[in-house]
Number of protein chains: 2
Amino acid sequence: MIRILVADDENLIRAALAQLLDLEDDLTVVAQAASGRAALDQARVLCADRGPDGGLDVAVLDLQMPEPDGIAVAAELAGLDVHSIIVTSHGRPGHLKRALAAGVRGFLPKTTEAARLAEVIRSVAGGGRYVDPELAAEAIGAGDSPLTPREADCLELAADGATIEDIAARAHLSPGTVRNYLSSAITKLGAANRHDACAIAVRMGWI
Amino acid sequence: MIRILVADDENLIRAALAQLLDLEDDLTVVAQAASGRAALDQARVLCADRGPDGGLDVAVLDLQMPEPDGIAVAAELAGLDVHSIIVTSHGRPGHLKRALAAGVRGFLPKTTEAARLAEVIRSVAGGGRYVDPELAAEAIGAGDSPLTPREADCLELAADGATIEDIAARAHLSPGTVRNYLSSAITKLGAANRHDACAIAVRMGWI
DNA sequence: CGGCGAGGGTGACATGTGTCATGGGCCGCC
DNA sequence: GGCGGCCCATGACACATGTCACCCTCGCCG
């Protein structure tokens, strides 16, 4: 019997997903969490408990959650010998890369067929890996972020419509420097302006 | 027995939701659809069929779907005597207003408890209505969009980072006019710049 | 040591944007 | 018929942004 933790901040979805998985004969949902923090707490308790109900095999984590997000949770869980599967609505190449770097064993968009999730859980529980083929292709095609860390910082701060002054203040930089970084990011991404650049970077999962 | 149609373009979520609802004794999921168009097709077939399996009582629709979206589908279904419930990840006041105007009978975010969905379905099947209280309060507090139709158009075109020239070309307007509309929208929304204005308008569900 | 590259900065210049005043045309309503 | 609101446009001005050239300071490495 494979013991599963399901984490998603959308109660409706989490409950439905848990229900779906519990219906499989060889799967059992032993914990649910509505936030990354709750997921970690639950996992720690389960792993500490060596009794009949203790232990945890696989975590199914939504990527978009209040801090910490699914990838951060997966990185922590890797230390507890729990294999993680990330499920997400938005398939960004960058997210996939970060997830794999964090030791995630499975990554699939919410558009995948329901039956596949169970298959992937079984495979991951047995030590396998699974990445949605389409996403994998995108990630390979997209390549790595061409942005330097500072450029990415500035772009991230610019993403919510802040003005140069705001960004400079929040990044502890001179306004001119911010403009240079932004300009460089814009040309690197082939964008028309900073907001276009933000859109591209977000789509790629680079910020 | 209440007959239900579930529509959501995320296969995983739709299957899980259908499973969850089917587990209730008095509910049965008679159709699933991965797009608005498919939902309408299914509903028409079911309503035309007056046999033992025919008929449809309630549609549970995701708001975000490839055209037509949940609200548009609900408006069509109202003509078939099918009551609709909208489920959404993002609770925007404007969406709620549009939904109610389209004759939707239930509106709830995906963060609601799983048990509540079944309750709402029963209530709606019996002719009742249900709107998430928090969303309702927001919608009342937010009021109507202060934007004129053209202002909203320009703002919508500006949302993806287009430059004034682009917007003017796409809207068949003079660049100066676009700037006036944008400026007016910015002041009306109390925003710092056009992108801030876009963010506000999107958050309110006005574009 | 000299050279190099990345981080951080300045100043100048051309464009793009936000704001304002102003005007005309077209409704709908008192 | 006048008034007011929306639509469309123009021109002018201030400020924000994007681009470029150039500078300084560290480390690092040959």
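Note on naming: letters A, B, ... go to the chains in the order of the sequence lines (proteins, then strands), and numbering restarts at 1 for each one.
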Using the side chain to side chain contact (heavy atoms under 4.5 Å, CB included) rule, take A/L61 and A/V87 through it: C-alpha gap first, then chi angles, then the decisive distance, then the call.
CA-CA 6 Å; A/L61 309 167; A/V87 175; over 6 Å; no
Would you please test B/K97 and B/D144 for salt bridge (Lys or Arg N to Asp or Glu O under 4.0 Å) and show each step?
CA-CA 9 Å; B/K97 290 209 172 184; B/D144 272 328; 3.2 Å; yes
Pair A/D166, A/T163 - check side chain to side chain contact (heavy atoms under 4.5 Å, CB included), show working.
CA-CA 5 Å; A/D166 291 345; A/T163 165; 3.1 Å; yes
Could you walk me through whether A/I2 and A/V58 satisfy the side chain to side chain contact (heavy atoms under 4.5 Å, CB included) test, starting with their C-alpha distance in whole Å, then the side-chain angles of each, then the deciding distance to 0.1 Å, before giving a yes or no?
CA-CA 7 Å; A/I2 301 174; A/V58 175; 4.2 Å; yes
Evaluate the side chain to side chain contact (heavy atoms under 4.5 Å, CB included) criterion for residues B/I4 and B/T28: first the C-alpha distance (whole Å), next the side-chain angles of each, then the deciding distance (0.1 Å), finally the verdict.
CA-CA 6 Å; B/I4 303 170; B/T28 174; over 6 Å; no
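Map B/N193 and B/E151 each onto its nearest nucleotide of DNA chain D; the residue landing nearer the 5' end is B/E151.
Distance B/K188 NZ to C/dT19 P: 14 Å, rounded to the nearest Å. The distance from atom CG of A/L147 to atom C1' of C/dA6 is 15 Å, rounded to the nearest whole Å. Taking atom CD1 on A/I186 and atom P on D/dT17, their separation rounds to 11 Å, with Å as the unit. In this structure, OH of A/Y181 is placed 18 Å from P of D/dC20, rounded to the nearest angstrom. Between the P atom of C/dA6 and the CG atom of A/D153 lies a distance of 17 Å, rounded to the nearest Å.
Enclosure of atom CD in A/E134 is not indicated, since only 12 or fewer non-hydrogen atoms of other residues, nucleotides or ligands lie within 6.0 angstrom.
For the 3.5 Å distance criterion, the side chains of B/E151 and B/S184 qualify, holding a donor opposite an acceptor.
Among the heavy atoms of the strands lying under 4.0 Å from B/L173 are primed sugar atoms or P, OP1, OP2 only; no base atom is included. B/L182 comes within 4.0 angstrom of no nucleic acid atom, judged by non-hydrogen atoms across all strands.
Between B/N193 and B/D196 there is a side-chain heavy-atom pair separated by less than 4.5 Å. The shortest side-chain heavy-atom distance between A/P93 and A/W206 does not fall under the 4.5 Å cut-off.
Of the side-chain N and O atoms in A/R150, one or more sit less than 4.0 angstrom from OP1 or OP2 of C/dG8.
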Report all interatomic pairs (protein N or O, nucleotide N or O of nucleotides 26-29 of chain C) with separations under 3.5 Å.
none

Readout for nucleotides 10-16 of chain C: B = base within 4.0 Å of protein heavy atom, S = sugar-phosphate only, - = neither; 5' to 3' it is B-B----
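Among the nucleotides D/dC8, D/dC6, C/dG7, the one closest to any side-chain atom of B/T148 is D/dC6.
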